[in-house]
There are 2 protein chains.
Amino acid sequence: MPLVKQIRRRGGLERLAKQHGLRLTRQRRLIFAILESAKTHLNAKQILEQAQRLEPGIDQVTIYRNLGVLKRLGVVDELDLLHLRGDQHYYEARQVRAHSHVACLACGKVFEFYTSAIKTIDRELEKECGFSVSFTRIEIGGQCAACRKSGREAPLPRKGKQAR
Amino acid sequence: MPLVKQIRRRGGLERLAKQHGLRLTRQRRLIFAILESAKTHLNAKQILEQAQRLEPGIDQVTIYRNLGVLKRLGVVDELDLLHLRGDQHYYEARQVRAHSHVACLACGKVFEFYTSAIKTIDRELEKECGFSVSFTRIEIGGQCAACRKSGREAPLPRKGKQAR
DNA sequence: ATGTTATTGCAACTGAGTTGCAACAACAGA
DNA sequence: TCTGTTGTTGCAACTCAGTTGCAATAACAT
């Protein structure tokens, strides 16, 4: 599974903040820093827990409000990762290169996959429909190589509540 | 905007039900029929309202439980449509051909877009990663031709709660 | 240093989705 | 067609992610 090193827009937060009349509070910087350095996709609760280690008084509303702001600015993306683990939403700092999220339905692992086909779709939409693409989200479900080898199947008719 | 006629797997529900020991209740048939004939993407509440017209006593738990079953069977997909209208989830009967959901951030319209590039991605994942794809979900945000013409922009730094 | 105002934290709230359980009904076998 | 098994339904109570109103606080421009 080829994992390309992540490339991110740097130092854009200050510029964007000034542009939109936003203030760079300690809390806002912290939340953005957590997302930028995250190695996995985090949900709101996990972001809160990480933030509270450095900023014990921080409240969950501050997390939600800032996730909202960062989403609107386009520096953070909200994902559902195919609802594999319930109805959670996950967040990641937006990277320069668009990528797909590939989830194994058998073992639950989520990979990132980079392909030029994403650009192809964007170009087609532009040419065929006159649609100007701002961002693309691709989520793919299936069975990873390891699970195919070991014969591990997706527990298809899954029952009951998924882990929250 | 080229809208390809929808092609769906027909008559598969009976087979699947037998296969998995499920019963084809009136309610289950109704919910599936609503999704199959839907011209737009529906959320749970809208499905409930439609169902109650034909089956006044039907409860929302029945909707949720059946959406769960139909999802697990792979005949219904759950989408968030980029959270354009809040954190709602939308449902659609799975079609034979995979397609992308293209949403205009300015006017909120959602289109379906068919492209062979989806197959390209699936093939690449198979060849490069040994990953076997079951389904692909593509959601694209941007500006549609009409909004570009009329100069309508996405209300980017959007504030407050979105319509629920 | 000072005023303006975006932002924070608290507490109370909203609403989508879930759970337990008794009554019901689909369906297979007689 | 009748009958037993058991998957499914509807109800009521619940859970919990995310939101709202508001007073106190703190960025940041001047």
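Residue numbers begin at 1 in each chain, while the letters A, B, ... track the order of the sequences.
Taking a 4.0 Å limit (strictly below) on heavy-atom distances, residues 46-54 of chain A does not reach DNA chain C anywhere.
dT6(D) atom C1' lies 13 Å from atom CZ of R28(B), rounded to whole Å. When the C1' atom of dA17(D) is taken as reference, atom CD of E78(A) falls 12 Å away, rounded to whole Å. Rounded to whole angstrom, the span from the CZ atom of R72(B) across to the P atom of dT8(D) amounts to 10 Å. Distance CD (E14(B)) to C1' (dA26(C)): 14 Å, rounded to an integer number of Å. Atom C1' of nucleotide dA26(C) and atom CG of L13(B) are separated by 14 Å, given to the nearest angstrom. To the nearest angstrom, C1' of dC27(C) lies 18 Å from NE2 of H20(B). Distance D59(B) CG to dA16(C) P: 14 Å, rounded to the nearest Å. Rounded to a whole Å, the CG atom of D87(B) is 6 Å from the P atom of dT19(D).
Stacking of R94(B) on the aromatic ring of F135(B) is recorded, both the 6.0 Å distance cut-off and the 45° axial limit being met.
Remark: H89(A) is in phosphate contact with dG18(D), judged by side-chain N or O atoms under 4.0 Å from OP1 or OP2. Dashed line: the shortest gap from a side-chain N or O of Y64(A) to OP1 or OP2 of dG18(D) is under 4.0 Å.
At the heavy-atom level, R65(A) lies under 4.0 Å from base atoms of the strands shown.
Looking at heavy atoms from C-beta onward, Y64(A) lies out of side-chain contact with T62(A) at the 4.5 angstrom threshold.
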CA sep, side-chain torsions, deciding dist, call: Q88(B), H41(B), side chain to side chain donor-acceptor pair (under 3.5 Å): CA-CA 11 Å; Q88(B) 302 264 322; H41(B) 303 99; over 6 Å; no
Going by atom type alone, with no hydrogens or angles, which donor-acceptor pairs under 3.5 Å involve a side-chain atom of residues 138-145 of chain B and a protein atom two or more places apart or on another chain?
unit_1: E139(B); atom_1: OE2; unit_2: L81(B); atom_2: N; d: 3.1
unit_1: Q143(B); atom_1: NE2; unit_2: R152(B); atom_2: O; d: 2.6

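With values rounded to the nearest 0.5 angstrom, L54(A) atom CG is found 11.0 Å from Q52(A) atom CD.
Comment: R148(B) engages E126(A) in a salt bridge, judged by a side-chain N to carboxylate O separation of less than 4.0 angstrom. Using a cutoff of 4.0 Å between basic side-chain nitrogens and carboxylate oxygens, E78(A) and R137(A) are not scored as salt-bridged.
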Extract from the structure each pairing of a protein N or O with an N or O of nucleotides 27-30 of chain D at less than 3.5 Å, listing the distance.
unit_1: dA27(D); atom_1: N3; unit_2: R23(A); atom_2: NH1; d: 3.1
unit_1: dC28(D); atom_1: OP1; unit_2: L24(A); atom_2: N; d: 2.8

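Between G21(A) and T62(A), the one whose closest nucleotide on DNA chain C sits nearer the 5' end is G21(A). Each of I58(A) and Q60(B) was matched to the nucleotide of DNA chain C holding its nearest heavy atom; the match closer to the 5' end belongs to I58(A).
In summary, the side chains of E92(B) and H99(B) do present a donor paired with an acceptor at a separation below 3.5 Å, with no hydrogens or angles considered. Checking Y114(B) against E124(A) by side-chain atom types alone, no donor-acceptor pair falls below 3.5 Å.
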